Amino acid sequence: MSGHPTPRVELYPDRITYNALSVVELAHDHGATVAGVAKVTCAHPAVVDAMVAGGVDLIADSRIDNLRQTRERGIELPLMLLRISERSRAAEIVEFADISLNSSLQTMDVLSQAAVAAGKRHQVILMVDVGDLREGVWPDRAVEVAFGAAQLPGIEVVGLGCNLACFGGVVPSEENMSLLVDVREACRAATGLELPMLSGGNSASLPFLASGHMPAEIDNFRMGESIVLGRNVFDRSPWPGTRQDTVRLVVEVVELERKPSVPIGKRGQNAFGEEPAFEDRGTRLRAIVNLGRQDVVIDGLDPLDPNISILGASSDHMILDVEDAVDAGSLRVGDEIAFYPDYAALLALSTSPYVDKVVIGGPRAYPSAWRVG
Ligand SMILES: *Cc1c(COP(=O)(O)O)cnc(C)c1O
């Protein structure tokens, strides 16, 4: 046992820096900048700093609160807001984000007023939907919106962007990347602006980038999961040159009992309105650990000991079959069990105030139990 309370997320910033170096090198070789995205950890300071140490050129996040916290900690890299700007937060956006992603002329007008009021110039990227059907104006509307944005005082339209593989699962290709390049040409002609930045996408861009077919004009990528978890987001396989042991979840056994594998008695719904099926595997050694669906997406947990399986969870209790665990014979109440979380699991764990965040190693000291908020 480590002396740290459970449940806890253990972050390994040195390994995240290693991943960042690898991803950044690929982008820099293409002549592109990288915005490091730490939102899956709620922009944990150790993760942001690990990305900075790994050479990212900007820090990006979908929440203005995370950017505020990052700026207030003294990070000097440009900060980019990823989620389409919200009008009600315009004053904070121009204060804490140097650059934001936008698709609404009305919202950019409000950002313009906020920028003028604050005596600032705010940079915007106009998002274009090249097929994934999440954010962005349809390509045939881009010129009109870019032209409108170009007239706004306090606003500098620095380029165009697109996002793929998030809603529709569309992958980057010659066609959709060239479309972004072509739309920029049309916007350049209409506005007379240079529009130097073409922000081509998220971690899903990596395989296409590595293939050498990414158009040279695409000069920015916004990378989160590939750096934080070392995954190829097409199929979640390990991305070459990265590590996957960057984050661990550690929980504690609070009950350890032998029980039958099928419940006894007449059955209705469980606590979540489900009627789960049970396979009769006889009497098994079962552990209850101190974490539940309030803290994590249980399907996204991968036990370090592959002989442990997750049977299910309610809000606060997760039930494991530990009959075949490597250390089943010596396992005791109070012992720790560790898992690797996937993106969805880490997102929930990061957001749960009930889960401590502990930084292991790394160049700097952080509060040992960082909590959100
Ligand atoms: C979250 C997000 C990213 C980063 O995505 P990853 O798949 O984690 O690399 C990039 N761009 C936008 C707009 C995002 O919302």
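Remember, predicted model here, so these are calculated numbers, not experimental data. For ligands, and for the atoms within them, numbers begin at 1 and follow the listed sequence.
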Sub-4.5 Å side-chain heavy-atom contact between Met214 and Met177: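 Of all side-chain heavy-atom pairs linking Met177 with Met214, at least one is under 4.5 Å.
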Please confirm whether Arg231 makes a cation-pi placement over Tyr343, using NZ or CZ under 6.0 Å from the six-membered ring centre and within 45° of the ring normal.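 The answer is no; the distance or angle limit is not met.
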Nearest protein heavy atom with distance in Å, relative to [atom]:
atom                    : answer
atom 9 (O) of ligand 1  : Ser203 OG, 2.5 Å
atom 11 (N) of ligand 1 : Arg222 NE, 2.9 Å
atom 5 (O) of ligand 1  : Asn202 CB, 3.3 Å
atom 3 (C) of ligand 1  : Lys39 NZ, 3.7 Å

Please indicate whether any nitrogen or oxygen in Met223 is less than 3.5 Å from any nitrogen or oxygen in ligand 1.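 By distance alone, the answer is no.
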Pick one of side chain, backbone, both or neither for how Glu225 approaches ligand 1, counting any non-hydrogen atom pair under 4.0 Å.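 Near ligand 1, Glu225 shows its backbone as well as its side chain.
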I'd like to know if the side chain of Asn176 pairs up with that of Ser173 as donor and acceptor (distance under 3.5 Å, no hydrogens or angles considered).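 Asn176 vs Ser173: donor-acceptor pair found between side chains.
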Would you say the side-chain atoms of Ser100 and His122 include a donor-acceptor pair closer than 3.5 Å?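 His122 and Ser100 do have a side-chain donor-acceptor pair below 3.5 Å.
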For Arg134, is the nearest heavy atom under 4.0 Å from an atom of ligand 1?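 Yes, Arg134 has heavy atoms under 4.0 Å from ligand 1.
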Contact check, Arg83 vs ligand 1, heavy-atom distance below 4.0 Å: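 No, Arg83 has no heavy atom closer than 4.0 Å to ligand 1.
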Find all atoms of ligand 1 within a distance of less than 4.0 Å from any non-hydrogen atom belonging to Glu135, and give their numbers and elements.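 Heavy-atom distances to Glu135 below 4.0 Å select 13 (C).
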Is Leu81 reachable from Leu79 through a run of hydrophobic residues whose side-chain heavy atoms are each under 4.5 Å from the next?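 Looking at the clustering, Leu81 is in the same group as Leu79.
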Please determine whether a side-chain nitrogen of the Lys or Arg among Arg188 and Glu217 lies less than 4.0 Å from a carboxylate oxygen of the Asp or Glu.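 Glu217 and Arg188: not salt-bridged.
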Does atom CZ of Arg63 have more than 12 heavy-atom neighbours from other groups under 6.0 Å away?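 No, CZ of Arg63 has 12 or fewer neighbouring heavy atoms, counting only those of other groups under 6.0 Å.
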